[in-house]
Amino acid sequence: MAQEADFVGRLQELEAIGRCRAEAALGMPWMVVVEGEPGIGKTALAQRALAAGPDMLKICWSACDRSEQDYPYGVVDQILSRLPGAEFGAQRPATAPTSSPFAVGTDLLTALAGAAESGPLAVVIDDIPWADEESLKALSFVLRRLYSEPILTVITARTQDTRASATAEPGVPAHGGWHTVTRGAARVLPLRLIGLSREETAQMAAAGSGAALSQQAVGRLWEHTAGHPLYLRSLLAEAGPQALANPARPLPVPSTLNELVRRTLNRLPAEACRLVQALAVLDTATPLATAARLAGLTDATAALDAALAGGLLQWQPEHPTTPLRIHHQLQRDAIYQAISPTHRHALHAAAATMADPDRAWDHLVAAAVTTDPELADRLSAEATRQTAQGRHHRAATLQLWAADLSSTRDTREHHLITAATHLLLVQALARAQTLREAVESCAPTLKRDAVLGYMAGLAGDLATADRLLAPAAETADPATREIAATWLGFVHILRTDGRKGAAVLYPVVGRLPSSTAAHYARGALALSLGLADGPLAGLVVMAESGLSEPTDQLAHTNSPLLMFRGLLRVCAGVLGAGIDDLATLAARQRADSNLSSFSSALFTLSLGRYLTGRWAEAAVSADHALMVAETVGQPWGLAPSHAVAAMAYTQQGHHEQAASHLVASRKSADWFPEYDGLFPVVAAAVAAQARADWPAMREALQPLNDPAFAPGMRRLRPLLWTALYVEALTATDVRPTPDDLRNAETALAVIDRLASGAPALAATHRWLHGRLAAARGDTETALQYYREGLETPSHDGDDIPLHRAFLHHDLARHFVTVSSPDAAARHLEQAHNAYTALGAAPHAQRAAHELTSLRPTIVLSGASELATALTEREHAVAQLAADGLTNNEIARTLFVSPKTVEYHLSHVYTKLRLTSRRQLRDVSGIM
């Protein structure tokens, strides 16, 4: 992209970007976000800052276009095609409209890291508010996964223009969805551009006119333009050096940039003016021959010369098609508005015959001068075709155009509500919400209420969602009834009202043919029954789905069912099989770009790994769940994901990270309190448990004393809270009351009902029975339960090893109280070894302290220190490397680049004083 010849000023901004560029070249990725009103010089600043330098920076430039927002992964495709040395061949990343943003993002991350292998890379995303939503999701995923790659990301974003015209610029997205791209990036430099200073205005005037201006002339020029570069450039092109240099001569400064552009246009020769108008209508880079044909020109070269002299066009003569376009979007808008309506419609009608099929619809709509029911029907039919291809955003746009062209209120509202439905089906809530007011103004119908109800539900207003969706779910219209019932079932799940959810979903499951939608409806029904009667009830429904075993042989079309079966299995304590279901689903999602990701599956996978003592993997899965919840738009998944991450980090002794996630979990739970409220309560109890602070643990779990607190989630996820609750209430340090013991017994009965079918709970429920007996003073019964717990076999991958370690620790405390120091020391040492093998640093340190008080001469390993020597990311990489994964396999698992894996491994080797993977495997059991 050519640089502005008259670029001046911005020295502080250039210096700041230069520092980011230098650090990025050294492997510390930076993101620079340049905001400002249109024409203020954002793109010019990026061009100047990325100019040639000693670091041999390669540049990949992508430009977002408002006319391309409906085309999924358009911006990602630009980046992939323009990456330096991009040679994908048969491995070209898939960016089909239905592709998962995480699959696309994973491929994009690999491509970016590969392009940066040979030297630093700058990726520019120009005018990001116009990016398509799918690209934004993929970029949100990628840009938070850059850790050690020599990559500088530069984003430009327009804020509302105040000078282009008297009214706001039409079409600027108001929802600010592009900001998700910046969240989670490690290093972000925000820059907000304003007008040039008086001195910089003088420099631009001198460069543009060839003459130095007096202070008085500069002052007048600066006051009229506020230093706005595009405004200045347009004025300098119009006024000429003499008018500018003569302070006695009034400057021809109009009130708006629109007026100035129109005056420039009016001074052009007729054929040049027609060429510029044709380009304004085409509104994209266009070959000179095509623009000349639309303008009806016989001598395109002469017209081009005059138009270029007017400063309104960009031309690329070095390109084979010599494409042209208006220099800036603001100038294009001003030119377009200056064309008479009759001529504008005629140009669009002619352009429709020249454009590709997709863009032809845009021109046909713009050419319409009145309502056109026939064109509206054609647009609706095209929307149906686009929907079949997974292009829901484009289908919504076509339906909105059909609404505008409809001649009756009924048909207009039908198209409008259909457009909103398309967006809601892909959870494009930000764009759907922009239609909310228009949908509310439609005549009351059940279809309208279904749309408004689902909008309310996704926004967290579950009561309104229930009120609007319930009647729509009972209508005689099958299409409205089935979609409303499915949406209502989802709302009932978020309200944790399992019985209502089951009641509304049973008929849907019976009516839907076998399909992905039917799988999700059946899964939601199973989840509803789990909320009503516990996870075993939900598993009965899943058994009726006919899922085959083993999991890896399950038909690919049935993959969505793995989410619900795996979730319910983990909830029921069938940990090994549940983790297998969910891990298989996650692997399929990585391999198949068309499989959607859901935060509930990932945070449940994280919880399963947490319970089985695989805390590094649990933290990784929680991180994935957070990415899905934030990127795709599933806010109900934030609190659980943060909570499980907090629990995993707590047990490893990473207290700072754990505290941060706990704060985020509490904050996020406010959106969907019925669904999410239990999670931060449990995470806070785990934090107290790691400190052996029983009063704090009781305090954290206090809400559980109220039967009305989260009853549905307590029924669905008993393993999340029951063991903690019993442990806290039976801590003899705080003298349990009779009510405490009764509550503990009630909670323990929940585990007893699950234990017969869940090998993972064999030791757990005996340990807890032993604690309850000890709290009642029944030492003999307590010891019997403890011994039975020690004798239960441990099933690899289907056990809760922390509870086994607690069992030894409790036995040691018992023997201390009965003055049996040898027995106490023996069990303390076994507890310490178990804690050490798990990497449970806080518990290991406490056991070591207690053990040395009994045996002052005992020598213990420094394993607990190893557990906290590594950061959470280093710990995850080290564990996967110790498990035998290659760097590329680790990168795919953690959604990072191989270079980031190398970076973290080098730190692991340095901190642990190791030199090889073999040595890493030797210490992996004590990390």
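- A salt bridge does not link E413 with R448: every distance from a Lys NZ or Arg NE/NH1/NH2 to an Asp or Glu carboxylate oxygen is 4.0 Å or more.
- Listed for the S621 side chain is no donor-acceptor partner under 3.5 Å among the backbone atoms of A618.
- A tilted orientation is assigned to the rings of H422 and H392, their planes being inclined by 30° to 60°.
- In this structure, D466 pairs ionically with R495, as a charged nitrogen and a carboxylate oxygen lie closer than 4.0 Å.
- No side-chain heavy atom of F141 sits under 4.5 Å from any side-chain heavy atom of V628.
- Looking at D477, its side chain does come within 3.5 Å of a backbone N or O of T480 through a donor-acceptor pair.
- Residues D70 and R391 are not paired through a salt bridge, judged by the lack of any N-O separation under 4.0 Å between the basic side chain and the carboxylate.
- Residues Q389 and R394 form no side-chain contact, since every pair of their non-hydrogen atoms from C-beta on lies 4.5 Å or further apart.
- In this structure, the separation between CG on D358 and OH on Y71 is 4.0 Å, given to the nearest 0.5 Å.
- Between F490 and Y454, the ring planes lie perpendicular to each other; the angle is over 60°, past the 30° to 60° tilted range.
- V570 has its side chain out of reach of L719: every pair of non-hydrogen atoms, C-beta onward, lies at least 4.5 Å apart.
- Using a 4.5 Å heavy-atom threshold, the side chains of V76 and D132 count as separate.
- The two residues L424 and V451 make their nearest non-hydrogen contact at CD1-O, 3.7 Å.
- In this structure, S67 and R359 have side chains that are in contact, with non-hydrogen atoms separated by less than 4.5 Å.
- Between E374 and R378, none of the side-chain N atoms (NZ, or NE/NH1/NH2) sits under 4.0 Å from a carboxylate O, so this pair counts as no salt bridge.
- Side-chain contact between P478 and R511 is absent, with no heavy-atom pair separated by less than 4.5 Å.
- Counting only residues at least two apart or on different chains, the salt bridge (charged side-chain N to carboxylate O under 4.0 Å, His left out) pairs with a member in residues 630-647 are R144-E630.
- With no hydrogens or angles considered, no side-chain donor-acceptor pair links T418 and Q399 at under 3.5 Å.
- For R385 and E382, the salt-bridge test passes: some basic side-chain N is under 4.0 Å from an acidic carboxylate O.
- At distances below 3.5 Å, at least one donor-acceptor pair connects side-chain atoms of Y73 with backbone N or O atoms of S99.
- Under a 3.5 Å cut-off, the side chain of S545 and the backbone N or O of V541 do not form any donor-acceptor pair.
- Listed for the S441 side chain is a donor-acceptor partner under 3.5 Å among the backbone atoms of A438.
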